[in-house]
Colleague: 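What follows is a single structure, and I will ask about it in a moment.
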Amino acid sequence: MSKAPQKTSDAVDERVRLIRELAKVMEDTGLVEIDLEDDNVSVHLSKTGTMAPAQMMSPMMAAPAPAAPHSAAAPTPFETAKAAAADKSVPDNAITSPMVGTAYLAPEPGAAVFIKEGDNIKAGQTLLIIEAMKVMNPITAPSAGTVRQILVDDGQPVEFGEPLVVID
Amino acid sequence: MSKAPQKTSDAVDERVRLIRELAKVMEDTGLVEIDLEDDNVSVHLSKTGTMAPAQMMSPMMAAPAPAAPHSAAAPTPFETAKAAAADKSVPDNAITSPMVGTAYLAPEPGAAVFIKEGDNIKAGQTLLIIEAMKVMNPITAPSAGTVRQILVDDGQPVEFGEPLVVID
Amino acid sequence: MFNKVLIANRGDVALRVLRACQDLGIATVAVHSTADTDAMHVRLADESVCIGEPASAKSYLNIPALITAATITGADAIHPGVGFLSENADFANVVDAHGLTFIGPHIDHIVSMGDKVEAKRTAAASGLPLVPGSDGAIASLDEAKMAAEQTGYPVLIKAASGGGGRGMKVAESAEQISEAYSSARSEAKAAFGDDTVYLERYLGNPRHIEVQIVADSQGNVVHLGERECSVQRRHQKLLEEAPSPVLTDKERQHIGKIAADAARAMGYLGLGTMEFLYENGEFFFIEMNTRLQVEHPITEAITGIDLVVEQIRIAAGMPLSFSQEDVTFKGHAIECRINAEHPTSFMPTPGTVENFHAPGGPGVRVDSFLYSGYRIPPHYDSLIAKLIVHGDTREHCLARLRRALDETIIAPMPTSLDLHRLLVNDPQIRSGDYSIRWLEETFLPNLDQE
Amino acid sequence: MFNKVLIANRGDVALRVLRACQDLGIATVAVHSTADTDAMHVRLADESVCIGEPASAKSYLNIPALITAATITGADAIHPGVGFLSENADFANVVDAHGLTFIGPHIDHIVSMGDKVEAKRTAAASGLPLVPGSDGAIASLDEAKMAAEQTGYPVLIKAASGGGGRGMKVAESAEQISEAYSSARSEAKAAFGDDTVYLERYLGNPRHIEVQIVADSQGNVVHLGERECSVQRRHQKLLEEAPSPVLTDKERQHIGKIAADAARAMGYLGLGTMEFLYENGEFFFIEMNTRLQVEHPITEAITGIDLVVEQIRIAAGMPLSFSQEDVTFKGHAIECRINAEHPTSFMPTPGTVENFHAPGGPGVRVDSFLYSGYRIPPHYDSLIAKLIVHGDTREHCLARLRRALDETIIAPMPTSLDLHRLLVNDPQIRSGDYSIRWLEETFLPNLDQE
């Protein structure tokens, strides 16, 4: 994004126009809330009677976890997986699991893994397998590219939406 | 601050213009909340306190306090007094009641009142009486001046800290 | 007892089951859609598994995902909650096939009570009273008269192919039977091309009264009294109370025994609710819910029994922790269902709860997954909180309910809190003088006029 | 019954009394200092009166302001709450002189129980067991030996002018009496210039057990069982439970009857609590509180009786709504006092509560005046919330308490929530094996070492 005043001014107009158009959409469709996010801009519009008096706290809205503390003493498999994933700062374009299941990196125990980090792969190539209810579901590459990161271990339980592999 | 004054000023103008424009959009469209974020700016606009009449049902939503609604049907003496005081937009320098009690504007029923609005008074002059537990407590002027406002009626119950008289 | 229970549900019931598991010292697995990542029960559970997208079919109704989540986490039982898969026999079968315990009834009772015709047959065979009527089609006016005499007036003559109120006529007495019969037939013919009609007792202004039963695997069956659930809109209960303001002790014992005997006759297991219409001292079976009910807390309040704990214990093979003689009913309880919907237009009002404040003090229970800052997702039903109040008497309970409603804050969206504030001060609610038609036909229309 | 009650208190007890009044349909007047304008009970009351500055002496202890507020608002009774003027006989007298009802005991009982010596004399005369000992000074070793034999070992020999533990010696048995007697005397002489000593039974590791009694103006007296309040720091109770984990049913009936008989002998009126030390099966009277206790909700939980409602009814001249035979004890209850203080350093932590979330579900009661956005004023005591949990058994109650503590949020300041989270998992709390010395002498020191 350019920082030149001229351009900034254009940007303001663009933003205002975007919001006006979205407001029109709300009017036309009866929507009461719109959230929009893309590479350039993030917008939230609301028509619900959000009229919290000033002393009605927003602090907890800023709080990352307003509910209660986790009572579990030891981290669970999923929490570990999530924490690990978070640690690696997963790119947004990671391939995520389409189901709950167990991830396998090789077609069978002892066999060679499907992919290694650094591999060049073709579109449609099998990256790993998710087993759910005794069914093996191959996860394939949506496009050709290079394997940047493999985010799961062999035999690791994964949840829906959990990042598996990063390809670029 | 390393930025040149010129640039900062431009940026300020841009920001103000953006917000002005967005406020106009809210006015035009009935939006009550806008959140906007891009590389340059993050804006949150809210029209706190405005709300559709249809949504006014909840007593506590209309109440200024975040706690619970007043369950009293009819206004109580104190609420009336408070509301009245609030209506008159009491100056900060009003003489307030040093105790809970009943205010009397005259030394006895039927007698002339101690003061009237517009009176010039001396320091130490009795302004009114607060009766508490059958004891008459004279409230006197802390300094000479002119009576601008008398905020209580004869026989009115007053709480601690309630504004009584404005003198300047 | 189970070591780990997977809770295959969301919302208030998921939280309710979670609390029962924690009270029993059982580890919990919460499953959730991507819309419920921030749900309270997910945060409070020992483990959580995201099972799919917001649409229920892709998550809470996704049997393979639920079973896989249970297998992976090593759960040994699944609680289906209320709604979703709680009365789905296929799900119960799959749970069973995977060597896990389904915390619910025997599968054949889910099947039989899930089918309207079969349910009535089973009910009748188990001694439950049905709405009396002709056994089948009425071929002539004479047959109609005979059937009406047997059934007792008022009677309803209904098109066999009918629906939506068309081809339905009421005869209040013998004088009206001829006219009702012929006009029902001609209306049925005109509307459905079929003038076959049948006849049953007409219930003009019934109340909805249901009986809670609980049965263990050793054959012990106990009833826990009734719940009065007549305050309904579009068949959705809004306010329930226990005991019913109109039943006599004798009627309570009578219908309780009938319900418990029926459950015993069926060989029923776990929690079940028999729903009845009640009019002029008579009960008529409508259906049986083979699961926990949303309004179970009012029964808990007056009996002191934790129904969900009992349900889990039963599923683990343990005997009931009380007998019929141990059950006593103490005081009066009312539940208000608080929905994220406008109090009078009933439009849904999902969004972010900026301020949630629960009422407190004696006799007040709140079952809610709300917290300040929680975003109510638009994908699911609108129940966001249940307020359950218990008092020594009905009047005491109503006073406490009024107090508790005044203390409650859910802001900024409109909710049914305001509807309940009106209800609790309504003369007919206060006197207990209402039927299943009252809310829609009397209370709401009067509200509109004001 | 009263039409309007003025609540001469603040904090959780003011809210508690307010709720009881609302449950009874009585109008309420809240009084408050300028620091409590935003207090929840002020907001919920029908009327409120600001009575003075934050310092208690200028507001909550300001008798003329309280009486004037009552007169002006037309209240016909004053509830003094707990603390402040609740055991002040002058206040009760002034209330009486103004033709208002003081919701509490007869004034002479406030007087007699407010004086340590007089209280023990009244207690003994009413049949309450005191700590046994010599009637007065011990003049010789022989007298000491005789008194010790009568009292029973272990005995404590104490300086008559003593205090702070100086001039105090324990004799565990007859072998030690000679040494203890002479060293106590010489220590007393050195410390106070007076070697007069007396002797009483030494209680090494007693528990604090108190009995709730309630008496009406018709002479009916009922005891509502005991509360175990041994978890104390600097004589401040932190966690209370009912029933006591150690009393047998026989002991419960025994001490209950003694307490009720004593109240009857005194001609007592209203709520009262007799506090005892308990060791090796024996009870020893310490003092009687002639008011509501902070920990009353655990008695309410196991008896189902609303003590504050009962107290107000009694003050209005109504008879008790139950007899001793009607009182049954059901399950187990624990109260956690949550203070705005650091969980282990006990430093006060007033300030703005940005997030308050109360726990919910069955068996959980919260008595708290907190709300999100409330500013805890620094002027008053640090009690900000009471969490009361009820379960079928002690174990069930502890599981529920653990669950409820996990659900509770008070942020951002440290509070004793975290102390209670530790306590509820402590092996000695779980086994019930603790005395009045345990928290300070065992639990807290161990905590520091960790």
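Reminder, nothing fancy here: chain letters follow the sequence lines and each chain counts from 1. These numbers come from a predicted model, not from an experiment.
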Colleague: Do D/Q428 and D/R430 have side-chain N/O donor and acceptor atoms under 3.5 Å apart?
Modeller: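 No, no side-chain donor-acceptor pair sits under 3.5 Å.
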Colleague: Select one option (side chain, backbone, both, neither) describing which atoms of C/D392 are under 4.5 Å from chain D's heavy atoms.
Modeller: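 Contact with chain D: side chain only.
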Colleague: With the threshold set at 4.0 Å, does a side-chain nitrogen-carboxylate oxygen contact exist between C/R403 and D/D23?
Modeller: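 Yes, charged N to carboxylate O under 4.0 Å.
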Colleague: Between C/A358, C/G360, C/P362, who has the most heavy-atom pairs with chain D when the cutoff is under 4.5 Å?
Modeller: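 Answer, by heavy-atom pair count under 4.5 Å with chain D: C/P362.
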Colleague: Counting only non-hydrogen atoms closer than 4.5 Å, does C/L370 touch chain D with its backbone (N, CA, C, O), its side chain (CB onward), both, or neither?
Modeller: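 For C/L370, backbone heavy atoms alone lie under 4.5 Å from chain D.
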Colleague: Pick from D/S382, D/S368, D/S416: which one makes a side chain to side chain contact (heavy atoms under 4.5 Å, CB included) with D/I338?
Modeller: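 The option that passes is D/S416.
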Colleague: Out of D/H390, D/E395, D/R16, D/R402, which one racks up the most heavy-atom pairs below 4.5 Å with chain C?
Modeller: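 Counting heavy-atom pairs under 4.5 Å, the top option is D/R16.
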Colleague: Tell me yes or no: between the side chains of D/T299 and D/R227, is some donor less than 3.5 Å from an acceptor?
Modeller: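 Per modelled atom types, D/T299 and D/R227 side chains form a pair under 3.5 Å.
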Colleague: Should D/D306 and C/R400 count as an ion pair when the cut-off is N to O under 4.0 Å?
Modeller: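 Salt bridge between D/D306 and C/R400, a charged N being under 4.0 Å from a carboxylate O: yes.
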Colleague: Chain D heavy atoms under 4.5 Å from C/R19: which part of the residue, side chain, backbone, both or neither?
Modeller: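 It is both, since atoms from each part get that close.
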Colleague: What is the distance from atom CG of C/L15 to atom CZ of C/R10, rounded to the nearest 0.5 Å?
Modeller: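 Spacing of CG (C/L15) from CZ (C/R10) equals 11.5 Å.
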Colleague: Could you tell me which residues in residues 311-335 of chain C have at least one non-hydrogen atom under 4.5 Å from a non-hydrogen atom of chain D, sorted by residue number?
Modeller: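 Those residues of residues 311-335 of chain C which have a heavy atom under 4.5 Å from chain D are C/K330.
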Colleague: Less than 4.0 Å between a side-chain N and a carboxylate O, is that true for C/E295 and C/K386?
Modeller: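 Salt bridge flag = no for C/E295 with C/K386.
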Colleague: Using 0.5 Å steps for rounding, measure from the CD1 atom of C/I388 to the CG atom of C/D367.
Modeller: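 So the CD1 of C/I388 and the CG of C/D367 are separated by 4.5 Å.
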